[in-house]
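Data first, discussion second: the structure below is written as structure tokens.
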Amino acid sequence: MSSNFPCRICAAPVQEFFDFGRQPLSDAFLAPDADPAQEFFFRLAVGVCESCTMVQLVEEVPRDRMFHEAYPYHSSGSSYMREHFEGLAKRLLSTELTADDPFVVELGCNDGVMLKAIADNGVRHLGVEPSGGVADVAAAKGVRVRKSFFEESTAQEIVAADGRADVIYAANTLCHIPYMSSILTGVRTLLKPSGVFVFEDPYLGDIVERTSFDQIYDEHFYFFTARSVQEMARRNGLELVDVERLTVHGGEVRYTLAPAGQRTPSGAVAELVAEEERRKLADLVTLREFGESVHKIREDLTALLKQLRDEGKTVAGYGATAKSATVTNLCGIGPDLVPFICDTTPAKQGRLSPGTHIPVKAPEAFSGAYPDYALLFAWNHAQEIMEKEQEFRDAGGKWILYVPDVHVL
Ligand code: SAM
Ligand code: TMP
């Protein structure tokens with residue numbers, strides 16, 4: 001285990017606290033005839049900065065390997081998330097986008113799930129999205145998209161073409177981007193002095209509390225807290241002025257940054273920073289304990305799946321999430337334990353899961369002949385999925401969950 005390496009935010013030493021070993025790219029679903037020898041692996045390990053407290057990956061995967069024409073994740077796949085983003089769009093329209101001819105930019109707009117609601121209201125907008133396939137889906141919905149990675153130079157080009165923005169928004173995207181100084185310099189260039197940068201990402205406080213270790217994979221480079229975001233903002237001429245806890249994706253925080261000195265921070269910021277301090281969230285001891293809990297889940301889950309296999313029970317995976325790559329590869333779960341995973345995403349169907357090569361099938365494979373058990377990899381969409389799959393329960397089917405611990409429902 002490497003002892004420390006320089007922080008990507010402040011260059012102080014980062015202490016590694018958990019090593020997931022060799023892991024594949026979480027969204028690289030293989031064609032059945034692909035040469036497995038060509039599969040890309042990297043060392044997935046995570047550490048905490050002893051100065052700014054940012055939790056981050058040890059190794060960076062080149063961005064073009066993850067975000068490209070065939071990036072398979074479509075944000076609109078969940079009806080609950082569609083409502084979430086429509087609600088956010090409505091709120092921005094009535095609070096931050098009330099000036100004459102407002103302009104909003106979204107980083108990582110994906111298939112346009114949020115910006116469609118902005119476009120429908122005739123508000124000037126731009127999505128910046130490097131993954132060509134999903135960007136095309138957004139454009140087909142009437143969303144204005146620029147196919148590129150956002151970084152400092154992109155911001156300058158957008159200002160030259162469109163002027164400065166009232167709102168820059170990013171959901172489940174900022175934590176994907178290691179080159180943060182370029183991003184935040186770009187944000188400062190693009191944002192009006194009165195503007196805000198709003199972003200929401202998985203919250204380290206929820207990850208530690210629920211041992212949701214599967215939030216850790218190639219694309220999730222940073223694991224934010226109010227404290228670490230405050231430090232990151234300050235180093236880049238910005239200020240954390242609001243935080244809001246969200247229940248989506250297993251627990252997130254929506255952060256609002258403004259140019260330094262422009263807005264008074266809400267009481268919620270100091271409260272959350274104080275709570276993190278009380279919980280010793282960034283302490284190595286806390287994070288090593290989290291690691292112990294991960295080992296326990298790994299042991300319990302593999303034991304349960306082996307027992308069910310030996311008893312002749314059938315088990316299917318539900319939701320070929322990016323998160324599931326961490327679970328299957330850490331626990332050594334292959335087709336012998338979980339013969340297939342069902343998923344609604346056409347781009348994943350007919351392919352093999354990264355690393356352990358479990359076939360991904362359309363949801364009909366699940367409903368056509370219910371298994372005895374379903375391992376819910378998409379646990380963050382549990383409510384939506386369990387409601388939809390009530391017939392599976394009625395037929396005697398049981399759900400296996402592994403967050404916050406291994407249990408059967
Ligand atoms: N915002 C959507 C949501 O919350 O469902 C999509 C999230 S998806 C997990 C992350 C998105 O970030 C991908 O569509 C990816 O192509 C995009 N992305 C990655 N790096 C980026 C960058 N530097 N600038 C803009 N988008 C980026
Ligand atoms: P996410 O947890 O990163 O949002 O990924 C969810 C995955 O689960 C995505 O591949 C779509 C899939 N999914 C289903 O198969 N059925 C569903 O009902 C939902 C909500 C998601």
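As the structure lists them, so they are numbered: ligands from 1, and atoms in each ligand from 1.
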Pairs satisfying ring pair (Phe, Tyr, Trp, His ring centres under 6.0 Å), at least one member in residues 177-212, at least two apart:
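Every ring pair (Phe, Tyr, Trp, His ring centres under 6.0 Å) pair that includes a residue of residues 177-212, provided the two are not neighbours, is F197-F199, F199-F224, F199-Y255.
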Exercise answer: donor-acceptor pairs, residues 82-89 side-chain atoms, under 3.5 Å, sequence neighbours excluded:
residue : atom : partner : partner atom : Å
R82     : NH1  : S76     : O            : 2.5
H84     : NE2  : E200    : OE2          : 2.6

Which residue holds the protein heavy atom closest to [atom], what is that atom called, and what is the gap in Å?
atom                    : result
atom 19 (C) of ligand 2 : I385 CD1, 4.0 Å
atom 3 (O) of ligand 2  : Y73 CE1, 3.4 Å
atom 2 (O) of ligand 2  : K323 NZ, 2.7 Å
atom 17 (C) of ligand 2 : K388 NZ, 3.4 Å

Give the atom numbers and elements of ligand 2 that come within less than 4.0 Å of a heavy atom of [X].
X    : value
G319 : 8 (O)
K348 : 9 (C), 10 (O)
H249 : 4 (O)
T345 : 9 (C), 10 (O), 11 (C)

Nearest 0.5 Å, what's the SG-CZ distance between C175 and F221?
11.0 Å
On the 0 to 90° scale, with breaks at 30° and 60°, tag the F149-F67 ring pair as parallel, tilted or perpendicular.
perpendicular
Over-ring placement of R22 relative to F41, 6.0 Å and 45° cut-offs:
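Ring-cation test returns yes.
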Under the salt bridge (charged side-chain N to carboxylate O under 4.0 Å, His left out) rule, what pairs show up with a residue in residues 145-170, not counting sequence neighbours?
R63-E151, D136-K147, R144-D162, R146-E157, D166-K192
Mark yes when over 12 heavy atoms from residues, nucleotides or ligands other than F40 sit less than 6.0 Å from its CZ; otherwise mark no.
yes
Looking at K306 and D310, is there a salt bridge between them, counting it only when a charged N and a carboxylate O are closer than 4.0 Å?
no
Is it the case that the side chains of D214 and Y402 hold a donor-acceptor pair, with the cut-off being a distance below 3.5 Å and no angle test?
yes
Is a side-chain donor-acceptor pair under 3.5 Å present for N329 with T356?
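N329 and T356 do not have a side-chain donor-acceptor pair below 3.5 Å.
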Judging by distance only, is a nitrogen or oxygen of E384 under 3.5 angstrom from one on ligand 2?
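N/O-N/O distance below 3.5 Å does not exist for this pair.
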Under 3.5 Å between some N or O of ligand 2 and some N or O of H381?
yes
Criterion side chain to side chain contact (heavy atoms under 4.5 Å, CB included) on L257 and E239, from CA distance to verdict
CA-CA 5 Å; L257 307 190; E239 190 172 7; over 6 Å; no
I want to confirm something. Looking only at heavy atoms, which of V248, T321, I341, T344 is nearest to atom 16 (N) of ligand 2?
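Residue with the shortest heavy-atom distance to the ligand atom: T344.
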Where does D343 meet ligand 2, judged by heavy-atom distances below 4.0 Å: at the side chain, the backbone, both, or neither?
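It is both backbone and side chain that touch ligand 2.
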How does Y80 reach ligand 2, by side chain, by backbone, by both or by neither, if only non-hydrogen atoms under 4.0 Å count?
neither
Tell me, which residues have any heavy atom less than 4.0 Å from some atom of ligand 1?
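Ligand 1 pocket, heavy atoms under 4.0 Å: F67, Y71, Y73, S75, F85, E106, G108, N110, V128, E129, P130, S131, F149, F150, A171, N172, T173, H176, I177, Y179.
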Are the aromatic rings of F213 and F18 close, with centres under 6.0 Å apart?
no
